[in-house]
Number of protein chains: 2
Amino acid sequence: MAHGLEGRSLTAGETRSLIVAAADRLFYERGYEATSFADIAEDVGLSRGNFYYHFRTKDEILEAVIGRRMENTRTLLEHWEQDSEAPAERILRFVDILIANRSKIMEHGCPVGTLCIELAKLDHAAQDDAAELFTLFRDWLARQFSGLGRAADADALALHLLMRSQGVAALATAFRDENFIRREVADMEAWLLAQCPAATAPRSN
Amino acid sequence: MAHGLEGRSLTAGETRSLIVAAADRLFYERGYEATSFADIAEDVGLSRGNFYYHFRTKDEILEAVIGRRMENTRTLLEHWEQDSEAPAERILRFVDILIANRSKIMEHGCPVGTLCIELAKLDHAAQDDAAELFTLFRDWLARQFSGLGRAADADALALHLLMRSQGVAALATAFRDENFIRREVADMEAWLLAQCPAATAPRSN
DNA sequence: AGATAATTAGGTCGATTGTCCTAATGCGTT
DNA sequence: AACGCATTAGGACAATCGACCTAATTATCT
């Protein structure tokens, strides 16, 4: 067991967290619809009856998973903001997700993008909540571009970078081409430098 | 009825085509897994039993749908090649899909990209066949870039453009923002001009 | 027209889905 | 020790899934 609480039984909140963590991973790897109650319960090691005690509907689990991702994303972005001083460096952290997570991305795509697409096709009530995950990155990136002296088009630049990362993830999954990821990440980094008005790049715009 | 064959009953091949066309649309709009035999049969107006006469498994339908899309895509690319002389113009045709299909894209994403992602998550046997749809565009675009004098990096440029269109489609679905699509399409067109060595652009590379 | 093949309709199969219920167990408090 | 509450296990529910079969109908050919 990985939770490190073998000595005693779990509180309801802890069990709930284990369920949400398992659902998070399974929704990402297999998709929301393709993941059943039984799949999650088996993954956590619970009976389906016990599972129902914590979550009564599948929509409830989805909401909890999205909430968990929101929280994790907020934490991640805060850490990036603390670790790096320069906005450009922070943005590079975002771009490097594609490299760091390349294996999982080539297998299952981007967790956020694929969830949004699936929920859109299902016309699911939570599709706007899932899109909020994108908004988190969007606003954070826009703030970094503002700090880079591009306040006027910060949101457009943020969307552009998000767009690129989504495109790279999608094609990386289809072609399973790691070199393609590295090449496009390098291109994004070059693009980023070109967007920096006061940067060291001798390129004139 | 839209098939214009009311006067007589349909041959097996015609019924089969209707099934594949309906499955094509439903797989796109709702997703592969979320579309059932009954959904397709009802859409075409057939009984499930009759349906089974034409397709014995769901994988068979998927293969037929992919085959249909392959054929349609080949035809589309050939027409683009016939309608336009200049490679740059042809590439613009590709980019303009995002504008022409913006409504459906904002609802259900890109037909090719979303299918590839879903099949990847299901670890479906046909995922490589679906990726061949991308290859069709990839090779066609690479030929156009070669004709543009960029034979050396034609494939990389083709993948880059594919990547952009995928990214735009994904974010357009999540945010349902038509202005975003138009802005990114304009950016892609500007990028395309910049890639043309003999173009009017005074940019030196 | 009659025989043969192609096509269709309707029903059924076991498995799985999300959802729900009840009985049993664990645990802290008195 | 006994109570009360939180948690769990295991089964059961109707509905739906992909898949399959058979009988009836229609079309085609001799």
Side-chain angles (χ1 to χ4, degrees), chain A residues 1 3 5-24 26-27 29-66 118-119 121-126, chain B residues 1 3 5-24 26-27 29-66 118-119 121-126:
Chain A
M1 315 214 174
H3 49 81
L5 304 167
E6 300 82 19
R8 57 179 176 80
S9 55
L10 278 60
T11 69
E14 288 165 349
T15 303
R16 197 185 148 96
S17 287
L18 290 179
I19 292 175
V20 176
D24 191 347
L26 291 173
F27 287 175
E29 293 179 352
R30 309 184 189 175
Y32 172 67
E33 263 230 315
T35 302
S36 70
F37 275 75
D39 291 334
I40 307 174
E42 186 193 16
D43 193 277
V44 188
L46 298 178
S47 66
R48 281 141 285 151
N50 186 10
F51 191 96
Y52 182 71
Y53 173 77
H54 295 279
F55 291 97
R56 307 182 77 81
T57 70
K58 208 177 174 186
D59 292 358
E60 253 183 81
I61 312 176
L62 178 59
E63 280 298 335
V65 165
I66 294 176
E118 184 177 3
L119 296 183
K121 297 218 181 206
L122 297 176
D123 203 19
H124 196 283
Chain B
M1 316 219 173
H3 51 82
L5 302 168
E6 300 81 19
R8 56 178 176 84
S9 55
L10 280 60
T11 68
E14 287 165 351
T15 303
R16 196 184 150 95
S17 288
L18 291 179
I19 292 175
V20 177
D24 192 348
L26 291 173
F27 287 174
E29 293 178 352
R30 308 182 190 176
Y32 172 67
E33 263 231 314
T35 302
S36 69
F37 276 76
D39 291 333
I40 307 173
E42 185 193 17
D43 193 276
V44 187
L46 298 178
S47 65
R48 282 142 285 150
N50 186 11
F51 190 96
Y52 182 72
Y53 174 76
H54 294 280
F55 291 97
R56 305 183 79 79
T57 69
K58 209 179 174 186
D59 292 357
E60 253 183 81
I61 312 175
L62 177 60
E63 278 299 335
V65 166
I66 294 176
E118 183 177 3
L119 296 184
K121 297 216 182 208
L122 297 176
D123 204 18
H124 196 286

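Remember, predicted model here, so these are calculated numbers, not experimental data.
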Just the rounded figure in Å: distance from P of D:dC5 to OH of A:Tyr53. 13 Å
Answer yes or no: is there a side-chain heavy-atom contact under 4.5 Å between B:Leu46 and B:Leu18? no
What string of B, S and - do you get for nucleotides 17-24 of chain C, 5' to 3', when a contact is any protein heavy atom under 4.0 Å? SSBB----
Protein-nucleotide distance (B:Leu46, atom CG; C:dG10, atom C1'), rounded to Å: 13 Å
At their closest point, which heavy atom of B:Ile61 faces which heavy atom of B:Ala23, and how far apart are they? CG2-CB, 3.6 Å
Residue set satisfying side chain to side chain donor-acceptor pair (under 3.5 Å) with A:Asp43, at least two apart, ordered chain then number -> A:Arg25
Whole-Å distance between D:dT22 C1' and B:Phe51 CZ? 20 Å
Does the side chain of A:Val44 come within less than 4.5 Å of A:Phe51's, by heavy atoms? no
Atom-pair distance (NE2 on A:His54; C1' on D:dA6), nearest Å: 10 Å
So does B:Glu42 have more than 12 non-hydrogen atoms from other groups sitting under 6.0 Å from CD? no
Atom-pair distance (CD on A:Glu42; C1' on D:dA9), nearest Å: 16 Å
Between A:Glu118 and A:Phe27, is a side-chain contact (heavy atoms from CB on, under 4.5 Å) present by the stated rule, with each step listed? CA-CA 10 Å; A:Glu118 184 177 3; A:Phe27 287 175; over 6 Å; no
